[in-house]
Visitor: 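Just dropping this structure here.
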There are 2 protein chains.
Amino acid sequence: MHYTIGEAAKRLGVAPSTLRYYDKEGLLPFVERSPGGVRLFRDADFKWLNIIECLKKTGMPIRDIRTYIDLCFEGDHTVAARQALINKQRQAVLAQMAQLQQTLSILDYKHWYYEQAKALGGCGAMGTLSPDAVPEEHRAAALLLQRANKE
Amino acid sequence: MHYTIGEAAKRLGVAPSTLRYYDKEGLLPFVERSPGGVRLFRDADFKWLNIIECLKKTGMPIRDIRTYIDLCFEGDHTVAARQALINKQRQAVLAQMAQLQQTLSILDYKHWYYEQAKALGGCGAMGTLSPDAVPEEHRAAALLLQRANKE
DNA sequence: GATAAAGTTAAAGTTCACTTGAACCGTACC
DNA sequence: GGTACGGTTCAAGTGAACTTTAACTTTATC
């Protein structure tokens, strides 16, 4: 059983042009063609497409994803290199998550801030609040917004 | 005390051209000018720049950040709208973190997979592994890579 | 075999977020 | 006041990741 590019695109939730672009960039060396030149996506190919989707979600650029795919097709002597690449991306994801966690704490503080502002009838009244009126769980975030940067 | 655009850029760890770009896009309506037209960044302005940096880290586009800044300068009647915007972004961050968590589990599985491949002397041998040779903690991730998409 | 829908390529266009270049101006120091 | 450094604007350029267009071919159905 096989899928045309339109069917595969629908299954993946992307535009057919996106898959053609990926192919042109060398991300889909595994996709075969019909005698007439039409791309044939096999079930097994979706395993690859899922990996590509996963790496894309980590923010990895197309070029680096290609490097990984290329390594996969170069045989067993690249296993260590592939693992290293996966580990590097794992570290990048952990860093992103830590960053998002900090960002989230700031958004939570802002939510609290506006809740107070609504209660006090405006942002002007917020200035009159003593610094220890900020609940403990928002102190760190409040500081992040005020602090001097990268000094 | 005030900073020139170059000093402010250094403190924030960005290029001066980036700040000029943000200004042109309406992200810095609070920055004043010298009589000669030179931008003067005050200490208070860095509070704003930190918020911009924070929103940018959530992946919010410049246009939407501008909307938020604009709301802030429209007075107290926009407090609820600002809070709604912050909440929306909070949800977006939570979704991103959930996505990264899933991605991380796949990268962890891949790490395990290559560890096995190294031990067995190649990826070919991995096919001979029975499905329940996959440790419990990696089963879900392995499924994510095999499963049919968006059906 | 005709037709329509969907496939193919190559090249150009789009959007986003900056960056660079050209020409010019403001500020600080000697 | 002259010089150098860094500021200003506007327009054009960049790179990433697609998308669109044009011209043409393949494939499925009648």
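For clarity, every value in this text was computed on a predicted model and none was experimentally measured. So that the names make sense, note that chain A is the first sequence line, chain B the second, and so on, each numbered from 1.
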Visitor: Tell me the interatomic distance from A/Arg33, atom CZ, to D/dT26, atom P, rounded to whole angstroms.
Guide: 12 Å
Visitor: Is the Lys NZ or Arg CZ of B/Lys110 less than 6.0 Å from the centre of B/Tyr113's six-membered ring, within 45° of the axis?
Guide: yes
Visitor: If I take atom CD1 in residue B/Ile5 and atom C1' in nucleotide D/dG6, what distance separates them, rounded to the nearest angstrom?
Guide: 11 Å
Visitor: Is any side-chain nitrogen or oxygen of A/Lys56 closer than 4.0 Å to OP1 or OP2 of D/dA16?
Guide: no
Visitor: Which pairs pass ring-ring contact (aromatic ring centres under 6.0 Å, His included) with one or both residues in residues 52-90 of chain A, sequence neighbours excluded?
Guide: A/Trp48-A/Phe73
Visitor: I'd like to know whether CZ of A/Arg33 has more than 12 heavy-atom contacts from other residues, nucleotides or ligands below 6.0 angstrom.
Guide: yes
Visitor: Is B/Ser17 touching bases, backbone alone, or none of the nucleic acid, heavy atoms closer than 4.0 Å?
Guide: base
Visitor: Can you pull out the residues from residues 60-67 of chain B that lie within a 4.0 Å heavy-atom distance of DNA chain C?
Guide: B/Pro61, B/Ile62, B/Arg63
Visitor: Roughly how many Å is it from CG in A/Leu27 to P in D/dC18, rounded to a whole number?
Guide: 10 Å
Visitor: Rounding to an integer number of Å, can you tell me how far A/His2 NE2 sits from D/dT27 P?
Guide: 9 Å
Visitor: Is the phosphate of D/dT8 approached by B/Lys24 (side-chain N or O, under 4.0 Å from OP1 or OP2)?
Guide: no
Visitor: What's B/Arg39 touching, base or sugar-phosphate or nothing? Going by heavy atoms closer than 4.0 Å.
Guide: sugar-phosphate
